[in-house]
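Below is one structure, written out as structure tokens; comments come after it.
Owing to the predicted nature of the structure, the values given are computational and were not obtained by experimental measurement. Here is how names work: the chains are called A, B, and so on, in the same order as the sequence lines, proteins then strands, and each is numbered from 1.
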Amino acid sequence: MNCIDCNFKSSATKFLSKGEIEELSHNCAHVEFKKGEKIFKESSFSSNIIYLKSGLVKVHILGPKNEQITKITKASAFLGLPTTFNEKVNKYSATALENCKVCFIDLEVFKHFIYKNGVFAYQIITELCKNEIDSFFRCLNRTQKQITGRVADALLFFYHDIYDDKEFILPLTREEFGNYIDTTRESVSRIINDFQKEGIIKIKNKKIKILKEERLINISEKG
DNA sequence: GCATTAACCACAG
DNA sequence: CTGTGGTTAATGC
């Protein structure tokens with residue numbers, strides 16, 4: 001496996017020197033996961049940085065009551081920075097929502113790049129900052145919007161950030177959808193059906209088509 | 001009080 | 001796994 005020819009390089013990896021790419025090649029394992037498989041597991045040992053090359057993933061933590069879906073990430077992205085960088089044990093799990101291609105990068109080698117290559121480090125920091133801002137907004141939305149607004153948010157998220165298409169297959173069960181936006185599967189069902197009755201979306205099982213984006217944005221903003 | 005919101009429970013496809 | 005209906009608790013006019 002040679003990383004030079006990889007078509008899925010992260011914005012950071014593009015700034016590695018020839019020698020560094022070579023070093024990466026020798027310390028990186030490519031693995032494929034099928035939909036539904038766990039990529040890494042909370043409270044298990046890990047000494048790798050995990051990079052998602054293609055596919056879609058849910059990141060989740062087991063809470064006292066149920067599984068909380070922290071975020072949904074599509075490629076390309078680093079999955080296990082905060083969980084591995086200064087920790088021996090994973091603080092959360094990641095599960096494939098679609099078939100995924102993933103690279104496991106040796107932590108020591110990765111750290112070495114950070115020490116030696118400033119531009120590489122800068123790119124990593126940029127990604128981390130973006131993640132933090134995203135999580136701030138998700139926190140805000142979760143706590144200050146009511147469920148209708150959160151469902152609208154999530155639908156717009158899938159449209160804008162994940163599929164870039166008004167019609168898509170929801171990669172989550174109703175239960176997971178609930179865990180993602182902090183509510184119950186029943187509420188998700190009801191609100192999605194209400195949206196359909198009002199002609200805002202069209203839904204058949206997991207297949208969703210957004211008909212009135214304006215209305216969704218409006219609902220999302222109103223909370 | 002009365003209405004709204006949302007969780008919980010139960011039952012049925 | 002989903003959808004629906006009834007019930008209940010909390011919150012807001």
Side-chain angles (χ1 to χ4, degrees), chain A residues 32-44 52 54-75 79 90-102 134-223:
Chain A
E32 301 199 359
F33 291 90
K34 294 233 167 61
K35 180 180 170 157
E37 285 182 327
K38 249 194 187 145
I39 296 171
F40 57 88
K41 192 174 162 354
E42 185 175 345
S43 39
S44 70
L52 180 65
S54 74
L56 189 69
V57 155
K58 69 167 176 176
V59 170
H60 49 113
I61 306 179
L62 186 61
K65 296 194 76 174
N66 40 39
E67 199 82 38
Q68 175 77 43
I69 298 184
T70 305
K71 68 171 180 176
I72 292 172
T73 308
K74 74 166 176 179
L79 290 180
N90 287 321
K91 295 292 182 220
Y92 52 78
S93 306
T95 304
L97 293 175
E98 294 169 355
N99 293 346
C100 287
K101 292 181 178 153
V102 175
D134 283 352
S135 99
F136 285 170
F137 275 99
R138 265 188 51 69
C139 177
L140 184 71
N141 286 344
R142 249 200 335 259
T143 37
Q144 295 198 7
K145 286 182 185 175
Q146 52 187 43
I147 299 179
T148 329
R150 304 207 295 269
V151 172
D153 263 355
L155 293 175
L156 289 169
F157 166 76
F158 284 117
Y159 167 29
H160 292 303
D161 297 350
I162 303 293
Y163 296 107
D164 196 26
D165 191 338
K166 291 198 176 189
E167 195 168 356
F168 54 85
I169 311 281
L170 194 69
L172 306 172
T173 64
R174 298 291 130 109
E175 174 107 48
E176 290 172 316
F177 199 139
N179 292 153
Y180 180 50
I181 60 173
D182 226 6
T183 183
T184 56
R185 63 178 185 83
E186 291 98 324
S187 297
V188 172
S189 277
R190 283 188 182 114
I191 284 159
I192 283 182
N193 284 328
D194 289 349
F195 282 175
Q196 165 146 266
K197 277 178 205 144
E198 290 171 46
I200 300 171
I201 60 171
K202 188 172 190 305
I203 171 152
K204 194 175 185 192
N205 300 325
K206 296 243 165 91
K207 192 167 161 185
I208 293 187
K209 183 171 189 180
I210 295 178
L211 299 174
K212 292 184 187 159
E213 185 186 358
E214 306 309 316
R215 276 292 290 140
L216 274 187
I217 292 173
N218 187 256
I219 292 167
S220 155
E221 281 168 355
K222 265 192 345 209

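Residues Glu67(A) and His60(A) approach most closely at OE2-ND1, 2.6 Å, considering heavy atoms.
Applying a 4.0 Å cut-off to non-hydrogen atoms, none of the residues of residues 203-212 of chain A approaches DNA chain B. Looking at residues 146-153 of chain A, you'll see Gln146(A), Ile147(A) sit with a heavy atom under 4.0 Å from some atom of DNA chain B. Looking at residues 180-200 of chain A, you'll see Arg185(A), Glu186(A), Ser189(A), Arg190(A), Asn193(A) sit with a heavy atom under 4.0 Å from some atom of DNA chain C.
In this structure a side-chain-to-backbone donor-acceptor pair under 3.5 Å is missing from Ser220(A) to Leu216(A). Under a 3.5 Å cut-off, the side chain of Gln68(A) and the backbone N or O of Gly63(A) do not form any donor-acceptor pair. With Arg150(A) contributing its side chain and Asn141(A) its backbone, the two residues share no donor-acceptor pair below 3.5 Å.
Considering only residues two or more places apart in sequence or on other chains, Phe168(A) meets the ring-ring contact (aromatic ring centres under 6.0 Å, His included) condition with Phe158(A), Tyr163(A). Residues satisfying the salt bridge (Lys or Arg N to Asp or Glu O under 4.0 Å) criterion with Lys38(A), sequence neighbours excluded, are absent altogether. Partners of Asp161(A) under the side chain to side chain donor-acceptor pair (under 3.5 Å) rule, at least two apart in sequence or in another chain, do not exist in this structure. Remark: Arg138(A) engages Arg142(A), Tyr180(A) in a side chain to side chain contact (heavy atoms under 4.5 Å, CB included) (not counting sequence neighbours). Residues satisfying the salt bridge (Lys or Arg N to Asp or Glu O under 4.0 Å) test with Glu198(A), not counting sequence neighbours, are Arg215(A). With sequence neighbours left out, Glu176(A) forms a salt bridge (Lys or Arg N to Asp or Glu O under 4.0 Å) with Lys58(A).
The residues Asp134(A) and Lys71(A) are annotated as not salt-bridged, no charged nitrogen and carboxylate oxygen being separated by less than 4.0 angstrom.
Note on residues 203-214 of chain A: pairs passing side chain to side chain donor-acceptor pair (under 3.5 Å), not counting sequence neighbours, are His160(A)-Glu213(A).
Proximity of Glu98(A) to Lys35(A): side-chain heavy atoms (C-beta onward) are nowhere separated by under 4.5 Å. Contact of the Tyr159(A) side chain with the Lys166(A) side chain is registered, since non-hydrogen atoms from C-beta on lie closer than 4.5 Å.
Chain A approaches DNA chain B over the interval dA6(B) to dA10(B), counting the first and last nucleotide 5' to 3' with an atom under 4.0 Å from its heavy atoms. With a heavy-atom cut-off of 4.0 Å to chain A, the contacted part of DNA chain C has its first and last nucleotide at dT2(C) to dG6(C).
Val57(A) pairs with exactly one of Ile39(A), Ile72(A), Thr95(A), Leu97(A) by the side-chain contact (heavy atoms from CB on, under 4.5 Å) rule, that one being Ile39(A).
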